[in-house]
A.B. asks: 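The structure's right below; bear with me while I get my questions together.
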Amino acid sequence: RWRALLLAVAWLNATLIPLIGVPVLLPAISEEFGTSISATAWVALAYSLAMAGAFMPASHVGDLLGHKRVALLGSYMEVAFMLVIVLAPNLAVLVALRFGQGIFHSLAVPNFNVFAIGGFPQEERGKASGLLGSGIGVGMLVVPLFVGLITDGLGWRWVFFIASAITLAITVWGSLMFQEAPS
């Protein structure tokens, strides 16, 4: 159960890169595509709107099909979207891809959380939730700096490529190491 919690913290931190790191990327994306910052803001907004709309149904899908299965499906598909984002030829395609990425992120997040926390006995779930939240909090402090360094050194597309590689490695680890917890 502790390894499942560590997996969830690692996965959630990896996916913070394209989540909270995107505002750091907006000037570079705007410059590359020759668009205004306000138009480029849709790169962040599309992801957030898709996530907000899909989060509750995604959680229910996990209840029906199994949290591990749905979390892994969402994660693998999010990795695929991030890899395609690296090749986005214009802002419209990038925004559409970010919308799709947000939907698949919604499949993964609540189901990784349930998978991680659900393995703990009822009396330890508060501690597990606190550790999960603390791990994410640390990531929120580090990710913008990480994203800024990658963007300045390599370019914004590399942020998505690196995030996809890290997320893929963690997802493969989770799919090989952990079994669905009994309901």
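Starting from 1, each residue takes its place in the sequence as its number.
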A.B. asks: To the nearest 0.5 Å, how far apart are CD1 in Ile29 and CG in Leu25?
C.D. replies: 5.0 Å
A.B. asks: Show every side-chain hydrogen bond (donor to acceptor under 3.5 Å, both in side chains) that has at least one partner inside residues 46-58, sequence neighbours left out.
C.D. replies: Tyr47-Glu78, Tyr47-His105
A.B. asks: Can you list everything that forms a side chain to side chain donor-acceptor pair (under 3.5 Å) with Ser164? Sequence neighbours excluded, please.
C.D. replies: none
A.B. asks: For the side chain to side chain contact (heavy atoms under 4.5 Å, CB included) test, which of Thr167, Val24, Ile166 pairs with Ile17?
C.D. replies: Ile166
A.B. asks: Check step by step if side-chain contact (heavy atoms from CB on, under 4.5 Å) holds for Trp156 and Ile85.
C.D. replies: CA-CA 10 Å; Trp156 70 267; Ile85 284 169; 4.2 Å; yes
A.B. asks: Give a yes or no answer on whether the side chain of Ser59 reaches the backbone of Met56 with a donor-acceptor pair at less than 3.5 Å.
C.D. replies: no
A.B. asks: Please enumerate all residues that pass side chain to side chain donor-acceptor pair (under 3.5 Å) together with Gln122, with sequence neighbours excluded.
C.D. replies: Arg125
A.B. asks: Determine yes or no for a side-chain-to-main-chain donor-acceptor pair under 3.5 angstrom, with Ser75 supplying the side chain and Ala71 the backbone.
C.D. replies: no
A.B. asks: So which heavy atom on Leu168 is nearest to which on Val79, and how close?
C.D. replies: N-CG2, 3.7 Å
A.B. asks: Go through the steps to decide whether Phe161 and Leu154 satisfy the test side-chain contact (heavy atoms from CB on, under 4.5 Å), and finish with yes or no.
C.D. replies: CA-CA 11 Å; Phe161 182 76; Leu154 300 171; over 6 Å; no
A.B. asks: Under a 4.5 Å side-chain heavy-atom rule over Ile, Leu, Val, Met, Phe, Trp and Tyr, are Phe99 and Val109 clustered together?
C.D. replies: no
A.B. asks: Once rounded to the nearest 0.5 Å, what's the spacing between atom CD1 of Ile136 and atom CG of Leu141?
C.D. replies: 12.5 Å
A.B. asks: Do Val142 and Leu6 belong to the same hydrophobic cluster, where Ile, Leu, Val, Met, Phe, Trp and Tyr are linked whenever their side-chain heavy atoms lie under 4.5 Å apart, directly or via other members?
C.D. replies: no
A.B. asks: In Å and rounded to the nearest 0.5 Å, what is the OG to CG distance from Ser175 to Leu73?
C.D. replies: 12.0 Å
A.B. asks: Below 4.5 Å, heavy atoms only, C-beta onward: do Asn113 and Leu12 meet side chain to side chain?
C.D. replies: yes
A.B. asks: Just to verify, what does Glu124 make a salt bridge (Lys or Arg N to Asp or Glu O under 4.0 Å) with, not counting sequence neighbours?
C.D. replies: Arg1
A.B. asks: To the nearest 0.5 Å, what is the distance between CD1 (Ile162) and CD1 (Ile150)?
C.D. replies: 4.0 Å
A.B. asks: What pairs meet the ring pair (Phe, Tyr, Trp, His ring centres under 6.0 Å) rule with one or both residues in residues 70-94, with sequence neighbours excluded?
C.D. replies: Phe81-Phe104
A.B. asks: Between Leu97 and Ala88, which heavy-atom pair has the shortest distance, and what is it?
C.D. replies: CD1-CB, 4.4 Å
A.B. asks: Test of understanding: clusters of I, L, V, M, F, W, Y form through side-chain heavy atoms closer than 4.5 Å, transitively. Do Leu7 and Leu107 belong to the same one?
C.D. replies: yes
A.B. asks: Passes side-chain contact (heavy atoms from CB on, under 4.5 Å), Val93 versus Leu87? Steps please.
C.D. replies: CA-CA 10 Å; Val93 171; Leu87 305 172; over 6 Å; no
A.B. asks: Are Val172 and Met77 connected in the hydrophobic side-chain network, where two residues link if heavy atoms are under 4.5 Å apart?
C.D. replies: yes
A.B. asks: For Trp158, does the CH2 atom sit with more than 12 other heavy atoms under 6.0 Å from it, leaving out its own atoms?
C.D. replies: no
A.B. asks: May I have the step-by-step check of side-chain contact (heavy atoms from CB on, under 4.5 Å) for Trp2 and Leu131, ending in yes or no?
C.D. replies: CA-CA 10 Å; Trp2 290 104; Leu131 290 171; 3.5 Å; yes
A.B. asks: Between Val70 and Gly62, what is the shortest heavy-atom contact and its length?
C.D. replies: CG2-CA, 3.8 Å
A.B. asks: Which heavy-atom pair separates Leu5 from Ala128 by the least distance, and what is that distance?
C.D. replies: CD1-O, 3.7 Å
A.B. asks: Between OG1 of Thr35 and CG of Leu91, what distance do you get to the nearest 0.5 Å?
C.D. replies: 4.5 Å
A.B. asks: Who are the ring-ring contact (aromatic ring centres under 6.0 Å, His included) partners of Phe55, not counting sequence neighbours?
C.D. replies: none
A.B. asks: Looking at every non-hydrogen atom in both residues, tell me the closest pair between Gly74 and Ala108 and how far apart they are.
C.D. replies: C-CB, 4.1 Å
A.B. asks: Check for a donor-acceptor pair, side chain of Arg98 on one end and backbone N or O of Trp42 on the other, with a separation under 3.5 Å.
C.D. replies: no
A.B. asks: With a 4.5 Å cut-off on side-chain heavy-atom distances among I, L, V, M, F, W and Y, is there a chain of contacts connecting Met82 to Ile103?
C.D. replies: no
A.B. asks: Distance from Met140 atom CE to Leu19 atom CG, nearest 0.5 Å?
C.D. replies: 7.0 Å
A.B. asks: Looking at every non-hydrogen atom in both residues, tell me the closest pair between Ser106 and Ala50 and how far apart they are.
C.D. replies: OG-O, 4.1 Å
A.B. asks: Does Asn111 use its side chain to pair, donor to acceptor, with the backbone of Ala58 at less than 3.5 Å?
C.D. replies: yes
